[in-house]
Amino acid sequence: MAVTLERATVRVPATVANLGAGFDVLGAAVGLHAEITLEPADGPQVSVAGADVPQDDSNLIYRSAVVAAEMLGYRGAFALRATSPIPQRSGLGSSAAAIVGGVVAATRLLGGSPEPDRLLALAAEIEGHPDNVAAALFGGVVVVARDEGGFRWVKVTPALPLAVALAVPALEVETDRARRLLPAQVAREDAVFNLGQVALLVAALGQGRGDLLRGALGDRLHQPYRAALVPGFERVVAAAVEAGAYGAVLSGSGPTVAALAAPEVAAAAGEAMQDAFRRAGVGSRVIVTAVETRGALDEPRGA
Ligand code: HSE
């Protein structure tokens, strides 16, 4: 396969994976973006600003671009330039954004048009789980489920104005470590609780039912085990609710806490979460944003 464009640029959103009870199956794209530009080159060139990542061909964006290029039968090198304001090891999908950015940029540069399902399978294979990469690829809130036939996914566009306040504590959590904290088996009542919550959550978003959303953001499959990594977690969630948010959840494997809120109360929810983190002895910064309905695949093609 030959290069068909001079360069390809991709904007990839950050993501809140494990949305509520949707452990490994529900993710939301949010309005914080990595920008990735890829050009053909004689040898690997890597320049990534804003992130403490390798600046050579071991870079995750670069490696992901190479995997996608090889899938399309191309074995040349690339010049990669990228900026990413997505905090690393914060539960906001920085590695998923890197993988999706590399895969989509290489695909566009090479003029390939693989099925979205194939891109999802490739990105999920590199990442190890599908919820971040699905939301980064498709935008909005994405349900992604695996069965014998592969991944099935559907994008749910919230039918109500939905802001997202992110409280990003000055802590880092490695996803692998946070996964090892999870039990291999769970009690049936906890599984049933999550089934009810995740079904309510998807219905509440799809129907724009803020009243349902208030009671649909609980989780018993991962948050109780991972809360130990996030000082003050329960109080931060409670503070967001007291400030008027629909609810708050651990973003990905943490430590960021994401509050879903009506736009007019989102800033207050963010401040309340920051205050609760401060009381727990943890500094944090707040990002008030919204669900991003556009994913990496929706952005215009490069020049
Ligand atoms: N679903 C993944 C996990 C997301 O919880 O491990 C990690 O960001």
Side-chain angles (χ1 to χ4, degrees), residues 12-30 32-34 51 53 60-61 64 84 86-101 103 120-147 151-154 156 164 166-169 171-186 190-191 194-195 197-198 201-202 217-230 233 237 248-258 260 287 291-292 295-296:
V12 194
T15 48
V16 172
N18 299 328
L19 191 65
F23 175 71
D24 272 357
V25 300
L26 198 54
V30 296
L32 187 66
H33 296 86
V53 294
L60 183 57
I61 306 172
S64 303
S84 179
I86 305 172
Q88 295 172 271
R89 293 175 285 280
S90 292
L92 287 167
S94 63
S95 64
I99 293 165
V100 165
V103 165
L120 171 61
L122 180 63
E125 186 185 339
I126 300 171
E127 173 75 337
H129 35 78
D131 44 346
N132 291 110
V133 293
L137 274 168
F138 306 126
V141 176
V142 180
V143 180
V144 57
R146 179 172 224 158
D147 62 21
F151 293 106
R152 295 175 197 275
W153 61 274
V154 63
V156 181
V164 181
L166 304 168
V168 187
L171 304 166
E172 292 187 347
V173 167
E174 297 285 354
T175 298
D176 288 350
R177 180 174 170 226
R179 282 187 92 83
R180 285 197 296 273
L181 293 176
L182 305 181
Q185 296 186 322
V186 297
D190 290 344
N194 268 52
L195 289 172
Q197 290 283 288
V198 79
L201 175 53
V202 172
L217 286 163
D219 165 73
R220 293 190 189 164
L221 293 189
H222 82 114
Q223 290 185 176
Y225 307 99
R226 290 170 162 173
L229 301 175
V230 187
F233 173 71
V237 170
V249 299
L250 193 65
S251 181
S253 57
T256 293
V257 180
L260 300 191
I287 301 168
V291 172
E292 166 60 89

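In listed order, ligands and their atoms are each counted from 1.
- With hydrogens and angles ignored, the 3.5 Å screen pairs a side-chain donor or acceptor of S251 with a backbone N or O of G91.
- Within the 4.5 Å cutoff, the side chain of V53 has no heavy atoms near those of the L60 side chain.
- Near ligand 1, residues N18, F23, D24, H129, D131, N132, T175, R179, R226, G252, S253 each place a heavy atom inside the 4.0 Å sphere around the ligand atoms.
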Distance-only donor-acceptor hits, side chain of residues 128-146, under 3.5 Å, sequence neighbours excluded:
| unit_1 | atom_1 | unit_2 | atom_2 | d |
| --- | --- | --- | --- | --- |
| D131 | OD2 | N18 | N | 3.2 |
| D131 | OD2 | D24 | N | 3.4 |
| N132 | ND2 | T15 | OG1 | 2.9 |

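- The side chain to side chain contact (heavy atoms under 4.5 Å, CB included) test applied to V237 returns F233, A248, V257, not counting sequence neighbours.
- Side-chain contact between L166 and V16: present, with at least one pair of heavy atoms (C-beta onward) separated by less than 4.5 Å.
- Among residue pairs with one or both ends in residues 220-230, those qualifying as salt bridge (Lys or Arg N to Asp or Glu O under 4.0 Å) are D190-R220; sequence neighbours excluded.
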